[in-house]
Amino acid sequence: MLNINNLQASIDTGAGAKEILKGLNLEVKAGEVHAIMGPNGSGKSTLASVLAGREDYEVTGGSATFEGKDLLDLAPEERAGEGIFLAFQYPIEIPGVSNATFMKTAVNEIRKYKGQEELDAVSFLKLMKAKAAEMELNSSLLTRALNEGFSGGEKKKNEIFQMAMLEPKLAILDETDSGPDIDALKIVANGVNRFKNKDNAVIVVTHYQRLLDYIVPDFVHVLYQGRIVKSGTKELALELEAKGYDWIKEEVAAG
Amino acid sequence: MTNSLEAVPYLILFMTTTLDDIKSTFLAPFEDLAEKVSENINTDKLTLAKKTALEAIENNAFPTTRNEEWKFTDIKSILSNKFDLQSEKDSSNSDLDLNEFDYFLNKNKDLNSHILVFINGHFSEKHSDIKTTNDKISIKTLSNTETSSSTFEKFLDKFPSTSGKDSVSIFSDINTAFATDGYVIELENNQELELPVFVYFVNDASQKNTLSQLRNYISVGENSRCTVVENYITKGENPNLTNILTSVNVEKYANVKQYKLQIDAKSQFQVGSTHTKQADNSSFTNTTISLAGKLIRNDLRIISGEHCESFMNGLYLLNEKTHVDNHTVIDHIRPNSYSNETYKGVLDGKSRAVFNGKIFVRQAAQKTNAFQSNKNVLLSDDAILNTKPQLEIWADDVKCSHGATTGKLDEEALFYLQARGIPKQKAKVLLLQAFAEEVLDSIEIDVLKEFLTNEIENRLSL
């Protein structure tokens, strides 16, 4: 599904370009859940942003293909149309745009992209209510302005609700565990578990192991200094939880 | 030292000559009218006011950008045109079909309102539709009122800033001396004008450079209410100017809503002012929406009594070389009043917007709550915005705040919407609509709100 090969990306810091991803390789197949862990500043969020198409980053080398298509060639909205979804670490508050209007526009734009007919108001409303209930999202949040005044937990739940509405092929959760309390975290995890099936895939980007208690990964990768330096199964996450990241850093330093 | 002394007189001489030239070109069409006024031997207040205005016109220059109040708005582009005053005969017989205009909102039959139409500064009865009201409510025109002179007098006394030595600018004096017509809406105490009054000021500039001068009066008695919507429509591409002045007298417990829609013509120049006086416990709302024009200058002045509410809502969405200047003044002279001003702007192309919002809180006006905000989004590097809040507060127990922001469209928000599959252009429109929503939301006439919402969406989608 997703093939990342020797990906290099940098950001313009104002004082010159700073390289963040330095040759990253990753393959994600349908039906898999991958966790990407790593110490702060290792490039985890950059990877999520580059995959979603954020313009702040410049890809300087390597490739990323999604179902055979060159991902790096597509605008962010086209990537969404192809089936990539990024759950933001910091969902943006947009005053004046209601959650429902936003969602209806997004659902129908993606349907248009796929050559499907747009949903009428009634079918959309029905779908939205069902998914909101599934996500335990308070229905009053649907009529409010997008994320405006939402609590941290509500924002994260809203991200997962959007994922459920858009039914992407690949969901990338960027530090979805940062912020919310344990109840919200469980709801988010339940949402992801309900979402995943043999035809789609999930990448969980996280600093901590705690989310992985609820979303069990098939593979765990450690990202450090812009590269994946270690890959393993869920036991690797537990080991990182117990021992921290220093031993990884030492291993890398020792070459 | 010697050098500069030598240089200065030449400079002054040069500039004076140029300004005088411009002034005489602009005023040339008024010569006959001016003569009539000065030869009028009547001594009624109106005639005297016109004579005073004539003197003021003669003694005062048109403002230049060296005048603080006109610093960012250069009116040379207005004055350099030769305008035609069109007689009533040319205008009222006009066989214009209003339905051919995109912005004749009463095309929509769901809009139930009184309709007043002025063409080139003259009332057109044929195009108007004043529905029957009770005899305590009157919707008339300045030219038709039996009491035209007394109306004028009544208002001149109440609104010294509309002419003479305290007038806002020479345009007000020109208006006082030469206004041809205008609407006069009067409600006695305890009256409600159920339907809004939609007024259309049409400039037919298809053949000539048209100049319309209108003088309007709204007077609402105690515990009464009314809504007036001013629309400006232009036919043709010739430069045309509307010089308009509206006085609004709001008595105790009364409620007046005034809308000003400047959405039609790219060829229109407009200089307009609204002067409002609020008695205690009254409410006044002015909503000014500017979407098109060559150069527009709006002056809004409100004097507020005790326990009053005053709302000033503005939205300007400009492109190409449109220039819109909003100057507002809210003067709190008595305690316990509330004012709220929200002006929002979206600037594209080489457009320019000026916002100057003054809040005065006099010493007696304790417990005043006055809020002001001016937010702007610049879509182009060539667009210019000049914003200046001005607070002068003499009372010590007040709550006042003001804020002005100018920025580009929020890139983070744009990316968020794109990442959900919404194409960039559509995402922009969505965000700008959301930005404008706060002002549109305050519109209480559904047909109007819907019309403007669609109109703004269409313009943003271009």
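Worth saying up front: this structure is predicted, and the values here are computed from it rather than measured. Proteins come first, then strands; the chains are lettered A, B, ... in the order of their sequence lines, and each starts at number 1.
Of the possible polar contacts, none joining the A:Asn138 side chain to the A:Leu141 backbone as a donor-acceptor pair under 3.5 Å is found. Not one N or O on the side chain of A:Asn193 forms a donor-acceptor pair closer than 3.5 Å with the backbone of A:Lys196. Using a distance-only test at 3.5 Å, with no hydrogens or angles considered, no donor-acceptor pair links the side chain of A:Thr65 to the main chain of A:Gly68.
When each of A:Pro76, A:Ala80, A:Ala75 is scored by its heavy-atom pairs under 4.5 Å with chain B, the top score falls to A:Pro76. Interface check for chain B: of the options A:Pro168, A:Ala106, A:Gly81, the most heavy-atom pairs under 4.5 Å are formed by A:Ala106.
Partners of A:Ile187 according to the side chain to side chain contact (heavy atoms under 4.5 Å, CB included) rule, which considers only residues two or more places apart in sequence or in another chain, are A:Met135, A:Glu136, A:Lys157. Here B:Phe104 pairs with B:Tyr200 under the ring pair (Phe, Tyr, Trp, His ring centres under 6.0 Å) rule; sequence neighbours left out. For B:Phe198, there are no ring pair (Phe, Tyr, Trp, His ring centres under 6.0 Å) partners two or more places apart in sequence or in a different chain.
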Enumerate, including both backbone and side-chain atoms, all donor-acceptor pairs under 3.5 Å from chain A to chain B.
unit_1   : atom_1 : unit_2   : atom_2 : d
A:Arg54  : NH1    : B:Glu412 : OE1    : 3.0
A:Arg54  : NH1    : B:Glu412 : OE2    : 2.8
A:Glu77  : N      : B:Gln418 : O      : 3.4
A:Glu77  : OE1    : B:Gln418 : NE2    : 2.6
A:Glu77  : OE2    : B:Lys424 : N      : 3.2
A:Leu86  : O      : B:Arg420 : NH1    : 2.9
A:Leu86  : O      : B:Arg420 : NH2    : 2.8
A:Glu109 : OE2    : B:Lys426 : NZ     : 2.9
A:Asn147 : ND2    : B:Tyr416 : OH     : 3.3
A:Glu159 : OE1    : B:Arg420 : NH2    : 2.7
A:Glu159 : OE2    : B:Tyr416 : OH     : 2.3
A:Gln162 : OE1    : B:Arg420 : NE     : 2.5
A:Gln162 : NE2    : B:Tyr416 : OH     : 3.2

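Heavy-atom distances place both the backbone and the side chain of A:Pro91 under 4.5 Å from chain B.
Between A:Ala145 and A:Ile94, the shortest heavy-atom contact is CB-O, 3.8 Å.
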